[in-house]
Amino acid sequence: MSQQTLFEFADTTNNCISEEVEQELADKQRQKDLELKKKQEKEKSSVRKKGLLKRILEKDINTEELLTDLNTAQTDAVKHKDGPMLVLAGAGSGKTRTVTRRIAYLIYEHGVNPYSILAVTFTNKAAAEMRERVESILGESLKGMWISTFHSACLRILRMYIDRVGYENDFVIYDVDDTEKVIKQSMKALGIDKEKYKPRAIKSEISMAKAEQMDPAYYETVCEGDFEEKVAFVYKDYQKRLKANNALDFDDLIFLTAKLLDEDEEVLKRLQSKFKYIMIDEYQDTNFAQHNFAMQLSRAHKNLFVVGDDDQSIYEWRGAEIENIIEFEQNFPDDDVKIIDMITNYRSSDNILEVANSIICKNSYRKKVEFLQGILGPGEPVYLVEAYDEKKEAEFVARTVVELTYAEGVKASDIVVFYRTHSQSRVLEETFIKNAIPYKVFKGTSFYERMEIKDVLAYLKFVANPRDSVSLERIINLPRRGIGKKAFEKICIEAQRMNICAGELILRINQLPRITLPKALHRKIIDFGKLINEFSKFAEENTVYNLIMKILTDIDYYEYLRKTFEENYAERQENVKELLSTIADFEKSDALDDEGRTLKEFLSYLTLLTDMDKSDDEYMERVSLMTLHSSKGLEFDTVFLTGMEEGLFPTFSAFDDFKKLEEERRLAYVGVTRAKRQLFISYATQRMRFGKTLNLKSSRFVREIPVELLKMMIAR
DNA sequence: GATACGTACCTTTTT
DNA sequence: GGTACGTATC
């Protein structure tokens, strides 16, 4: 679209287009700024590095400072240098502080090169926090040090070496949505009835197999029963399809890295000699492949420092193995494994801790014998609230929130409401709206799963990787260009006949001989191919940001949104704009090294990002609503633990399974230990579930708490 | 290819 | 009670 037509649009239609123009004009300036900033940063970091080295050599830094305000257990952990160590860090025991100080201590006191340190966490948020805190202690930007999530660490390793396990280095990552589509394709091709076998169940079984590092061939030999047999077929075909699309799923990132370390001695040696000090956070949540990753990398030097809390293991249902932490020392039969118990809790009042301890002591499979010890004194009583039904419960929460925020001056953002399942948020939300209480629901990965975001990303993905047939299918008729489902099928069949992938057929249709497709379709494909080829060419010389701007304009995406979603198109447009600002941030951030800021890297980065990683300011002055699973690692002044009913929490499905029941109990423990000052535990005697009203009694977890620790209330 | 209705389902989800 | 998906119909 030419400049002129753009301006014409701007004059005659709504202001979104003129904003677009403004953005485009501002963009040139932005790019200049970006280049300037890059230059400055490069200069700065070289100066900084000199400073750091010099200071270390001259012992200009007082390492004793790194030990101030630490208790004995924390000091021991911080000072530890070589050999395996397990730090059992109870809830609120100052784990992050200990880990970050230890990294600083390694560098300053022991002269370890930051380049040799690998620190792994599970969430982007935890990784960012750790990096930030280490950098603030050291006053340096530590670009050479790997502080990242399991997935991004593995991503970086695979980008370098994946060709050694038979893949190509420029792979893309498929998210949950994409992989489910591939599973469905696979089932269809194999003639497996998706009514009888749920694609999601198969996906999760494959996920479990990968967590246990079983490849399709091995899985085939150990699968048992009808369902697993079907999974074995799908697994094999699914991997083939991913490979044909030049794509990996989330689990592959870990699975293939572990496999690489197992099978390629040369790569293993190289990585072992790079990562001389390895730290893993939340070790109770590692699965076999992750555990193996850690063990392999540290096998030569044994400098493996793991932190975790078996009492907070809540992801066994996803393949995490609590044994990894409980039986940690058995991995090192010939070594002295040091174990540190951090049981002093700096977060919660004694009343809250007593409740927490009384819950967790009912579990039998535990590493620790001791319980959390507080330092803050008894504090407020813990309330147990009985409500007639879920509505009354929600009203109680709302009323109390209003009281706390108005009368007691508690900030809304310091209040959280926990529940076992997302479905419970509905009543709470309705009640909060009625009472004009600002709130924010935390839900898995909602933002990047929004349709409009996935549309835009699908264009990018296909441009980056023409073999990505999942993305192709999404965009080929978006906006409508007369290539529907049937037409796409024809294309796929034709491509298969010619032994190429659909993307290649589309992009190279002019050079392909003997193609037999209907004339009209042929024409349309040529047009579409031209469009994509133009994008690819553009991508080579422009930033991702500009590429998206071009795509949005060329396909007239905002117009498409307006036509398709009359009521809420503005919101969807907002989402796209938010994506654009994320990209702008990405381009100037140091999330990746300089060379890695390509389209593919950007896509990987986005795929590995979740809603939870978005900036905090969105949650300012709002009450948080989230599942107990999402709560791990967080803390709040006031906690409402709702829906504590037998059958809901613990869920019915855990009743007959000892291990599951203990995991549920740990979940309750995690919830309680999030509270700093005030804790309200509540249950309803009656609750609507699946359209039926159930009569429920309070959760066994509640009844296990000695009555004298609770102040009973009835919510009317 | 869009719409309208019927029916099956219904944990938790760091990436 | 709500939804998400599949099929019947135009």
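Proteins get letters first, then strands, A, B, ... in listed order; numbering begins at 1 in each. In this text the structure is predicted, and so the values were computed from the model without any measurement.
Note: CD (A/E180) to C1' (C/dC5) measures 13 Å, nearest angstrom. Here the C1' atom of nucleotide C/dA4 and the NZ atom of A/K198 are 14 Å apart, to the nearest Å. Distance, A/Q424 CD to C/dG2 C1': 15 Å, rounded to whole Å. Spacing between atom CE of A/M208 and atom C1' of B/dT13 amounts to 12 Å, rounded to whole angstrom units. Regarding A/E316, its CD atom lies at a distance of 16 Å from the C1' atom of B/dT14, rounded to whole Å. A/F122 has its CZ atom 12 Å from the P atom of B/dT14, to the nearest Å. Distance A/I157 CD1 to B/dT15 C1': 16 Å, rounded to the nearest Å. Rounding to whole angstrom units, CD of residue A/E321 and P of B/dT14 are separated by 20 Å.
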task = Evaluate side chain to side chain donor-acceptor pair (under 3.5 Å) for A/Q686 paired with A/K392, printing each intermediate quantity in order.
result = CA-CA 10 Å; A/Q686 211 174 76; A/K392 294 284 180 218; over 6 Å; no

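Residue order along DNA chain B, read from the 5' end via each residue's closest nucleotide, puts A/K485 first among A/K485 and A/I314. Each of A/K632 and A/G482 was matched to the nucleotide of DNA chain B holding its nearest heavy atom; the match closer to the 5' end belongs to A/G482.
Rounded to whole Å, the P atom of B/dT12 lies 16 Å from the corresponding atom of C/dC5.
As judged by a 4.0 angstrom heavy-atom cut-off over every strand, A/F150 is placed among residues making no nucleic acid contact. Using a 4.0 Å heavy-atom criterion, one finds that A/D251 contacts no nucleic acid atom at all. At the heavy-atom level, A/T121 lies nowhere under 4.0 Å from the strands shown. No engagement by A/E663 is indicated, since no non-hydrogen atom pair under 4.0 Å with the nucleic acid exists.
Counting distance only, with no hydrogens placed and no angle test, the side-chain atoms of A/R420 and the base atoms of B/dT11 include no donor-acceptor pair under 3.5 Å.
The side chain of A/S630 lies closest to B/dT13 when the candidates are C/dG1, B/dG1, B/dT13. Each of B/dT12, B/dT11, B/dT15 was ranked by its minimum atom distance to the side chain of A/L608; first place goes to B/dT15.
Under 4.0 angstrom from either OP1 or OP2 of B/dT14 there lies no side-chain N or O belonging to A/N124. The phosphate of B/dC10 has neither OP1 nor OP2 within less than 4.0 Å of any side-chain N or O from A/T421. Between A/R689 and B/dT11 there is no side-chain N or O to OP1 or OP2 distance below 4.0 Å. For A/R480 and B/dA2, the shortest distance from a side-chain N or O to OP1 or OP2 is below 4.0 Å. The phosphate of B/dT13 (OP1 or OP2) has a side-chain N or O of A/H422 nearer than 4.0 angstrom. The side chain of A/T627 contributes an N or O atom lying less than 4.0 Å from OP1 or OP2 of B/dT13.
A salt bridge between A/E559 and A/R562 is present, with a side-chain N of the basic residue lying under 4.0 Å from a carboxylate O of the acidic one. Look at A/E430 and A/K391 and you find no salt bridge, because none of the NZ, NE, NH1 or NH2 atoms lies under 4.0 Å from a carboxylate O.
Considering only heavy atoms from C-beta on, A/I103 comes within 4.5 Å of A/M145 through its side chain.
Between the side chains of A/Y283 and A/H291, at least one donor-acceptor pair of N or O atoms lies under 3.5 Å. Side-chain contact, A/Q284 with A/D309: no donor N or O sits under 3.5 Å from an acceptor N or O.
Ring geometry, A/Y605 versus A/F602: the interplanar angle falls from 30° to 60°, so the pair is classed tilted. Between A/H629 and A/Y315, the angle of the ring planes lies from 30° to 60°, which puts this pair in the tilted group.
Between A/Y238 and A/Y235, the ring center distance fails the sub-6.0 Å criterion.
Glycosidic conformation of B/dT12 is anti; the angle lies outside 90° of 0.
For the segment residues 690-698 of chain A, the set of residues with a heavy atom within less than 4.0 Å of an atom of DNA chain C comprises A/F690, A/G691, in numerical order.
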